[in-house]
Structure formats: C-alpha cells, structure tokens
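See structure below.
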There are 2 protein chains.
Amino acid sequence: MVKRTSFEGDACPIARSLDAIGDWWSLLIIREALFGLRRFGEFQSKLGMAKNILAVRLRSLVDHGILETAPASDGSAYQEYVLTEKGRGTFPILVALRQWSEEFDDHPEEITTILVDRKKGRPVRKLELRADDGRLLTQADTTLKLRPAPRRRSA
Amino acid sequence: MVKRTSFEGDACPIARSLDAIGDWWSLLIIREALFGLRRFGEFQSKLGMAKNILAVRLRSLVDHGILETAPASDGSAYQEYVLTEKGRGTFPILVALRQWSEEFDDHPEEITTILVDRKKGRPVRKLELRADDGRLLTQADTTLKLRPAPRRRSA
DNA sequence: GCAACATAGTTTTATGATGCAACCACTGGA
DNA sequence: TCCAGTGGTTGCATCATAAAACTATGTTGC
C-alpha cells in the first residue's frame with residue numbers, strides 16, 4: 001500500500017484522529033461548518049477550493065460521521081451538510097490550533113479575529129488541562145498509562 | 001503553483017497553524033518528540049516512515065521553529081532534534097485530538113493508552129474553555145470578533 | 001412549457017507529493 | 001583497516017491534488 005499510510009488500526013488516539021481530520025481541508029471545512037455554512041456552494045466560494053476536492057472531502061467527512069447530509073431546510077430541493085455531534089466535538093481542537101497560532105505565530109498581527117465569550121464579548125482564556133482534583137496541568141505534569149484491561153502495546 | 005495552497009498569508013489562525021503542522025506526519029513527530037525522542041533513527045523506527053519523508057518533515061519543522069537541532073548530548077557526534085518552546089506549545093492540540101478520539105472514535109476499545117496526571121496517576125479532565133470570569137464555555141457560547149487595532153501583545 | 005441560468009457535482013488531465021528501495025557519506029569500534 | 005550502524009539523499013513508480021471542462025439536475029423568467 002503506497003497510500004497515505006492509514007493509521008486506522010493504530011492504538012494511538014492522535015493518529016486515529018488524524019486519520020479522520022488530519023488533512024489540509026477537513027478542519028477548514030469543519031471550521032466553516034461551525035460558523036453555520038451548510039451548502040456545497042457556500043463552502044466552495046468561502047474556502048476557494050476546487051469543487052472536486054470539496055466533493056471528495058465532504059464525502060469523507062460524511063463517511064467518518066462528522067458531517068451528515070440533510071435533505072433540505074430553506075425550501076429548495078438541494079441538500080445540506082450539517083455537523084453531527086461528533087463534528088461539533090472537534091471544537092476544542094480548533095480552539096487549540098487557534099490559540100497556538102495566536103501565541104507562537106511569527107506574524108500575529110496578521111490575525112484579525114479573536115475568539116470571545118458571546119455573553120460579555122471578552123476574549124476567552126487559554127484552554128486549561130486539569131487533573132482530577134482540579135490542579136492545572138502542563139505537559140510535564142502528565143504521562144501516558146496503559147489501559148488496564150486488554151493487551152499491551154508500546155506507543 | 002498547483003501546490004498545496006499555502007495559507008501563509010491567511011488571516012485565520014487555524015489556517016496558519018495548519019500551514020505549519022497540518023500535514024500527516026508533523027503532529028506524529030511532535031507527539032514522539034514530546035515523549036522524549038530526539039534522534040533521527042528513533043523517529044524513523046518508531047513511526048515506521050520512510051527516511052526521506054522524515055528528513056523533509058524534520059527540516060520543515062525546524063524551518064517553522066518547532067524543532068531545533070542540537071549538536072549532541074549523549075557523547076556521539078550526531079545531532080538531535082529537540083522541541084522549542086513553540087513546539088512544546090502544541091501540547092494542547094495533541095490533547096484535544098486525543099480526547100476527541102477518546103470520545104467519538106468508533107472503536108474506542110482499540111485505544112490502549114490514557115493520559116494521566118503524573119502525580120496521582122489518574123486520568124486528566126477534558127480540556128476546559130473558560131470565559132474571562134471563569135465560566136465554562138461551549139462552542140455555542142463563543143463567537144468571533146474582529147480585532148480592533150494592532151495593539152501591543154502580552155506573552 | 002421552454003429557454004436560460006444556478007446548483008452540485010463528475011470527469012479529464014497535468015503536476016506535485018508520497019513511499020519504497022537503493023545508494024552514499026560519515027562515525028565509531030575491533 | 002575493515003565493517004557495521006547512523007543519518008541522510010537520489011531515483012523512480014504511484015497516488016493525491018488541483019484547475020478546468022463537462023454533466024445532470026433544479027430553478028427562474030417569460
């Protein structure tokens with residue numbers, strides 16, 4: 001298989017995520033979908049991508065259960081692409097990507113948008129990783145453990 | 001340029017992140033680097049990827065300031081690849097990918113590792129997005145705002 | 001009810017990226 | 001010195017990607 005080395009069977013959850021949304025366009029499509037875009041043409045004109053690529057990506061996202069097709073909604077007989085629960089669940093990933101860019105980008109002045117709390121209009125905090133008991137954790141405070149039950153594997 | 005439509009100049013920080021780490025292997029390399037891998041051969045055998053691809057990716061990550069080459073460390077005259085501050089800053093992204101997979105994967109039983117708090121050995125909480133005043137936020141509680149003006153940046 | 005246009009794709013074709021294998025340079029040890 | 005291991009680079013086949021043309025419906029104007 002010369003292909004894109006699918007990590008579908010890999011034990012690492014990061015690889016598994018990337019298998020579904022690890023390509024260039026998928027996350028951008030999801031980003032637009034979170035903002036309410038639904039129609040093929042909307043995605044196409046907003047993202048400026050080729051229609052064939054968009055078609056392939058949309059189908060892939062539907063196959064992965066991230067988007068689903070809805071028969072209609074605005075009266076017309078066309079179909080729409082809406083996020084599933086799984087699709088909406090990618091929100092923290094997008095936030096993490098955004099915050100990483102905000103913090104480390106070489107040209108942060110080119111970033112023109114801020115993610116804000118809708119109620120107060122103020123910027124959100126950085127994503128927080130906390131322990132069971134509420135302590136804030138950094139990468140150094142964490143480690144990987146094998147899951148108790150099944151087989152073992154080094155990863 | 002028929003190329004991979006670089007979003008280097010794009011205003012969206014998500015696109016900008018993807019421009020640096022949006023490809024298949026980069027995040028996996030970073031994942032291993034976070035676990036302490038440093039040597040070319042370690043990455044190559046651990047990830048099972050072709051050496052030429054690894055070489056290209058490592059160079060790209062170095063160019064993006066995510067990795068840097070260190071002259072040596074264990075006595076041998078070879079070089080090593082270590083994460084920069086920017087590289088370590090991707091940790092929340094990896095956690096978000098991991099947690100998304102844990103929550104929505106079709107075959108979660110195949111995931112063999114758990115991210116735990118090093119001190120107590122207990123699983124970490126889900127990443128939390130909070131408002132300025134500490135309220136927990138979901139996607140629906142947030143919105144995007146245009147940045148007023150290029151003011152000074154803290155951090 | 002038919003022509004013109006918009007929507008949502010598929011097909012075609014060209015080129016860039018990926019992956020495997022082979023090759024090469026350098027290091028360190030016997 | 002020879003030889004194995006490390007750290008790559010080069011060639012070549014294959015695959016994915018992208019732009020543009022084409023198609024098949026749905027919709028609108030008259």
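Letters A, B, ... mirror the listed sequences (proteins, then strands); counts begin at 1.
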query: A:Arg135 side chain to A:Arg130 main-chain N or O, any donor-acceptor pair under 3.5 Å?
result: no

query: If only atom types and distance count, is the side chain of A:Trp100 paired as donor or acceptor with the main-chain N or O of B:Lys86 below 3.5 Å?
result: yes

Without decimals, in angstroms, what is the distance between [X] [atom1] and [N] [atom2]?
| X | N | atom1 | atom2 | answer |
| --- | --- | --- | --- | --- |
| A:Leu47 | D:dA19 | CG | P | 13 Å |
| B:Arg57 | D:dT9 | CZ | P | 14 Å |
| B:Leu28 | C:dG19 | CG | P | 11 Å |
| A:Gln44 | D:dA19 | CD | C1' | 11 Å |
| B:Leu54 | D:dT6 | CG | C1' | 13 Å |
| B:Met49 | C:dA17 | CE | P | 15 Å |
| A:Trp24 | D:dC15 | CH2 | P | 25 Å |
| A:Asp23 | C:dT18 | CG | P | 12 Å |

Under-3.5 Å N/O pairs linking protein and nucleotides 9-13 of chain C:
residue : atom : partner : partner atom : Å
C:dG9   : OP2  : A:Tyr81 : OH           : 2.9
C:dG9   : N7   : A:Lys51 : NZ           : 3.1
C:dG9   : O6   : A:Lys51 : NZ           : 2.6

query: Would you say a side-chain N or O of B:Arg39 is under 4.0 Å from OP1 or OP2 of D:dT6?
result: no

- prompt: Between D:dA18 and A:Trp25, is there an OP1 or OP2 to side-chain N/O distance shorter than 4.0 Å?
  reply: yes

- prompt: Distance only, no hydrogens: is a donor on one side chain within 3.5 Å (strictly under) of an acceptor on the other, for A:Arg31 and A:Thr90?
  reply: no

query: Looking just at side-chain N and O atoms, do A:Asp141 and A:Thr138 make a donor-acceptor pair shorter than 3.5 Å?
result: yes

- request: Would you please name every residue forming a salt bridge (Lys or Arg N to Asp or Glu O under 4.0 Å) with A:Arg59, sequence neighbours left out?
  value: none

- request: Please report the shortest heavy-atom distance between B:Val124 and B:Asp117, naming the atom on each side.
  value: CG1-N, 3.8 Å

Contact summary for B:Tyr78 and B:Arg39, nearest pair of heavy atoms: CD1-NH2, 3.1 Å

- prompt: Which nucleotide in the list C:dG19, D:dG5, C:dT18 gets nearest to the side chain of B:Ala50?
  reply: C:dG19

